[in-house]
Amino acid sequence: MKKNILWVMIVVSLSTLLLPISVSATTLQQYIDKVNQYQKEINDANASINKTEGEIAAAQNAITAAQQEIKDISNEIIDLKEEIEESNKEIKKKSLETKQLFEYYQIAQGENTYLEYIFGADSITDLIYRVSVVEQLTEHNEKVTKELEALIEKNKKREKSLNKKTQQLKQKQVNLKAQIKTLEGQVVELQEGSVRASDQLKIYQDQVNYYRKQGCKASDRIGIDCAKENVVAGWYRPTVRGNISQTVGWSEINIDGFHYGTDIWSSKGTGEKIYPIASGTISAITTDIYGALIVIIYHTDMNGKKWTSFYCHLSSYSPNIYVGMKVTPNTYIGYMGHTGYAFGTHLHLEVADCRLYDATDKNCSTWGKWTKYIKKKFNNGFLGAKTLIKLPNSWSRR
Ligand SMILES: [Zn+2]
């Protein structure tokens, strides 16, 4: 266990030694650009929503049209069926008629009846006439039956084709409904995107308005050239639970023999929230080349002295923080972690009375100057967070 902690300490110390991060301050113009960017996103989303809603309306109209067409076809099929039925009845009637005629003709040609018929007839002419009429009627009936059968065949073909058309229209409706569903999904996505963009727009718009009120010009660096942060009312512990595993100072286990921060671990591990040690303004949310999540906060104390606090190895940032944000000791900025060049979950906290990465601060404008300054402060008896906040070795409340 002790050996493990020692390892963590070595690695942790190493990681902060090698931090070659570079951060440029945010200007008001960058916030204005963000506002314009999100406004454009919202406008684009709204245009897409309008276009997609037009497509949905068109698809719905096509469905209505298909429904009407199906209804018309269905009526036509009913008519065709009736016509087929009528034709069949007619054929039956004609068939019966022909049969009767044929029977009559048979009788007329039968040996016995023939004679009877001859004698029954007024004359031979009458007989011939009677036979001829029967023949013509039979022929006529056969012709009509053939025509009706052709009509039935034609109607059946038409019915088949209409049924096929109905199936196609039904399939078309199914496809259109699926298309509408997809389009509606797109609208929901676009609306969600627009809402997200609106949220972001509001954050940045508020910032722009606020900084303009503070007298910031577009080229001003926020918190540096204008809009100085809240005055520090008191220094607080950065976590609810904490145990110090290493303080600022000379140490044989560090590569250059020096540790620039205070290492704090918690029994809650990555579940431990990180808070600012005082009111201030977030000057950077960044990572180093090893992927360590870092937040840097500028403070000004009641005597006008400028400070920087530096929080390293976070597992995640709070989703609500942004560069330029005014924070209080109760603004949660992220969770404890072991991102970057570190194998143990802990917070590496550096503090000094200067402005890290502020070009106008001759003591701390670069990472090299910052570490040199911390070393100098240490030589004068300053132990970073341990001295400033009066951190005990272990605590379970802020
Ligand atoms: Zn450390």
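Values below: every heavy atom of this structure, side chains too, minus hydrogens, waters and symmetry copies. Both ligands and their constituent atoms are indexed starting at 1 by order of listing.
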Quiz item: Hey, which N, O or S atom on His348 ends up closest to the Zn ion (ligand 1)?
Solution: ND1
Exercise. Using only N, O or S atoms, tell me which atom of Asp263 is closest to the Zn ion (ligand 1).
Key: OD1
Quiz item: Do the side-chain N and O atoms of Asn320 and Tyr332 include a donor-acceptor pair separated by under 3.5 angstrom?
Solution: no
Self-check item: His259, N/O/S atom nearest the Zn ion (ligand 1)
Solution: NE2
Quiz item: Out of Phe310, Tyr236, Trp235, which residue meets the ring pair (Phe, Tyr, Trp, His ring centres under 6.0 Å) rule with His299?
Solution: Trp235
Practice problem: Walk me through it: do Lys369 and Asn363 pass the test side-chain contact (heavy atoms from CB on, under 4.5 Å)? | Solution: CA-CA 6 Å; Lys369 283 186 181 176; Asn363 289 324; over 6 Å; no
Exercise. List in chain and number order the residues that pass side chain to side chain donor-acceptor pair (under 3.5 Å) with Gln191, two or more places apart in sequence or in another chain; answer none if no residue qualifies.
Key: none
